[in-house]
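One structure is given here, and the rest of the page talks about it.
As the structure is a prediction and not an experimental result, all values here were calculated from the model. Just so you know, ligand 1 is whichever comes first in the structure, and atom 1 is the first atom listed for that ligand.
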Amino acid sequence: MYEDGLPPLRDVISHFGLDAKKSLGQNFLTDLNLTGKIARSANGLGGCNLQDSIVYEVGPGPGALTRALLMHGAHRVVAVEMDPRCIEAQKEIQAAYPGRLDVFEGDALKVNEQELIGDTEGRPVKIIANLPYNVGTALLVKWLTLKDWKPWYSSLTLMFQKEVGMRIVAAPRTKAYGRLSVLSQYRAEARIMFDVPARAFIPAPKVTSCIVALTPSEEKMATPKQEILEKVVYAAFNQRRKMLRSSLKALGTDPLPYLNAADIKATCRAEELSVEEFRRLAKAYEK
Ligand code: SAM
């Protein structure tokens, strides 16, 4: 038994027969010290303490992170999980923390998180999750491309494969800089908090993972519609080796007038543009 009175995670995994399914991106954590570190790293992020916050967790699995969040005092945890076997395993945690854990069966890509969370009583919401690697990027894009900004959450603390984490925080003129870097840094401050070795997971993946922290930024002046920004970024990076005067033709009109209006050299390539230059470019294209 651990200090929360619940059995070790390895026992939970064998008791509920949670042999990992690749199709669900299942790599389970078993060390509550590590998940405690993840929970603590979210404390104070976005100016909000964990204890005051409601946590939205995707894919609680056998519950290593869920338990750490509750042990470290999250006011309430709302989780969405696709695997019914894991929902069974979560029932023991619900019993140990009455009224503080709600688990819903569903696909995190499709759910309306705010409906699941319900009344927040004015509390901030933190998203904290060890994401299934096969939908991790799609989930991040879902949360960063909301129509309304500022968003309904105050911070994101997410586990990704290290290579994805590096793309999220990458600077211009580097190999890792691309669509995901611009989308992430356009609306949020992103940083890598720490690495998590492959051996921390059951089964162990082939690569190192990392925890990425993102806090939403204030909406900037002269912001283009989000879908316009996405369109421009997509077209630019879709042919990243080409100059913008050529790659942006995919948007259907001559790019030179709006490249000039945005004061961006037509001979630049996508990877040379800062996030701020992408904002100017998208605004000029929108006009
Ligand atoms: N949080 C657990 C941990 O740290 O040990 C499990 C993490 S595991 C990487 C990802 C979890 O997400 C699995 O439990 C899996 O069943 C669940 N999952 C996969 N795809 C999902 C989806 N689209 N929506 C909700 N949960 C999903």
Below 4.0 angstrom from a heavy atom of [X], which ligand 1 atoms are there? Numbered from 1 as shown, please.
{"X": "A108", "value": "22 (C), 23 (N), 24 (N), 25 (C)"}
{"X": "N27", "value": "7 (C), 8 (S), 9 (C)"}
{"X": "G25", "value": "8 (S), 9 (C), 10 (C)"}
{"X": "F28", "value": "5 (O), 6 (C), 14 (O)"}
{"X": "L131", "value": "9 (C)"}
{"X": "P60", "value": "1 (N), 2 (C)"}
{"X": "V80", "value": "25 (C), 26 (N)"}

Could you list the residues that satisfy side chain to side chain contact (heavy atoms under 4.5 Å, CB included) with N49, not counting sequence neighbours?
->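 N49 satisfies side chain to side chain contact (heavy atoms under 4.5 Å, CB included) with N43, Q51, D52 only.
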Starting from atom 4 (O) of ligand 1, locate the nearest protein heavy atom and write down its residue, its atom name and how far away it is, to 0.1 Å.
->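 The closest heavy atom on the protein side is N130 ND2, 2.8 Å.
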Plane angle bin for Y177 and F278 - parallel if under 30°, tilted between 30 and 60°, otherwise perpendicular |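 If you compare the ring of F278 with that of Y177, the planes turn out tilted.
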Out of [options], who gets a non-hydrogen atom closest to [atom]?
{"atom": "atom 21 (C) of ligand 1", "options": "R85, E81, M82, M159", "value": "M82"}
{"atom": "atom 25 (C) of ligand 1", "options": "S209, P205, G106, C86", "value": "G106"}
{"atom": "atom 1 (N) of ligand 1", "options": "G59, P62, G61", "value": "G59"}

